[in-house]
Amino acid sequence: MNKILLVIAVLFLCSQVVYSAQLDNSKNSKANDAQMEVSTSGNNNDIAKPDLGVNSQSEVLPYDYSSVDCVPIKLSITSEVSTKDDILEGQKLEYRVLNDVYYKDKLILKKGDIVPATLETIVTSGMNGFPAEIVVDDFQIPGVKNSQLLSVYIKKGQNRCFWVYPLKWALTIIPFVGSLTNLIMGGHAKLKTRDVVTLYYFPDWK
């Protein structure tokens with residue numbers, strides 16, 4: 001019994017010594033950190049700060065891409081275009097302005113004006129119901145730069161994936177029948193004359 005008490009006492013003394021050493025190391029570390037902070041803080045005044053004044057900024061960037069001041073421009077295509085027809089990427093399209101467009105009482109476009117555009121990308125319909133897609137951009141408006149327009153217009157065909165995949169899995173119980181759904185194609189993309197395309201003109205952008 002006395003031996004057990006002696007072992008416990010020795011272990012207790014050892015733990016106290018280790019705790020004291022750790023406490024001293026922690027205090028020394030904090031003191032060193034504080035000394036380093038004081039020594040480095042004196043050099044902060046020597047660091048040159050960039051001039052972010054309004055004048056210097058306006059000289060570098062005389063425009064403001066963060067500006068949300070914009071003018072909507074509504075258009076419709078003059079003749080319909082579809083991916084089932086013989087069309088090519090890079091093909092020129094024509095859009096008609098649907099209403100007079102003003103900015104600060106200045107007429108930018110008149111109703112009925114023709115705005116050229118480009119058929120940028122054609123994605124044909126795919127198996128398993130994936131739809132075709134048409135991307136139109138590069139709208140040409142007199143006096144307005146392309147960088148001042150948010151003008152990408154995307155038109156997709158009917159997406160049949162939503163019912164093709166459930167049908168595929170339902171038919172897997174019949175050997176090879178489920179694979180036949182791979183032959184179901186997605187819908188064609190079509191630019192219709194009744195579709196309204198809205199461009200956004202940002203006068204403060206350059």
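- Between Thr83 and Glu133 the shortest heavy-atom distance is CG2-O, 4.5 Å.
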Which side-chain N or O atoms in residues 153-160 pair as donor and acceptor under 3.5 Å with protein atoms at least two apart or in another chain?
{"unit_1": "Lys155", "atom_1": "NZ", "unit_2": "Lys190", "atom_2": "O", "d": "2.7"}
{"unit_1": "Lys155", "atom_1": "NZ", "unit_2": "Asp195", "atom_2": "OD2", "d": "2.8"}
{"unit_1": "Gln158", "atom_1": "OE1", "unit_2": "Arg160", "atom_2": "NE", "d": "2.8"}
{"unit_1": "Gln158", "atom_1": "OE1", "unit_2": "Arg160", "atom_2": "NH2", "d": "3.3"}
{"unit_1": "Asn159", "atom_1": "OD1", "unit_2": "Cys161", "atom_2": "N", "d": "3.0"}
{"unit_1": "Arg160", "atom_1": "NH1", "unit_2": "Met185", "atom_2": "O", "d": "2.7"}

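- Expressed to the nearest 0.5 Å, how far CH2 of Trp205 lies from CG of Asn146 amounts to 13.0 Å.
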*asked:* Apply side chain to side chain contact (heavy atoms under 4.5 Å, CB included) to residues Val144 and Phe139 and explain how you reach the verdict.
replied: CA-CA 10 Å; Val144 176; Phe139 290 84; over 6 Å; no
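- The closest donor-acceptor contact from the side chain of Thr118 to the backbone of Glu120 lies at 3.5 Å or more, if one exists at all.
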*Show the numbers, then the answer: is there a side chain to side chain contact (heavy atoms under 4.5 Å, CB included) between Thr78 and Thr193?*
CA-CA 6 Å; Thr78 56; Thr193 54; over 6 Å; no
*Tell me, with the steps shown, if Ile77 and Val197 meet side chain to side chain contact (heavy atoms under 4.5 Å, CB included).*
CA-CA 8 Å; Ile77 197 166; Val197 178; over 6 Å; no
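- Between the side chains of Asp113 and Tyr95, not a single donor N or O lies within less than 3.5 Å of an accepting N or O.
- Residues forming a side-chain contact (heavy atoms from CB on, under 4.5 Å) with Lys106 (at least two apart in sequence, or on another chain): none.
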*asked:* side chain to side chain contact (heavy atoms under 4.5 Å, CB included) for Ile141 and Ile73? Distances and angles first, verdict last.
replied: CA-CA 10 Å; Ile141 299 177; Ile73 302 173; 3.7 Å; yes
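- Note that the CG atom of Leu150 and the OG atom of Ser147 stand 10.5 Å from one another [nearest 0.5 Å].
- Shown here is Tyr200, whose OH atom has no more than 12 heavy atoms of other residues, nucleotides or ligands within 6.0 Å.
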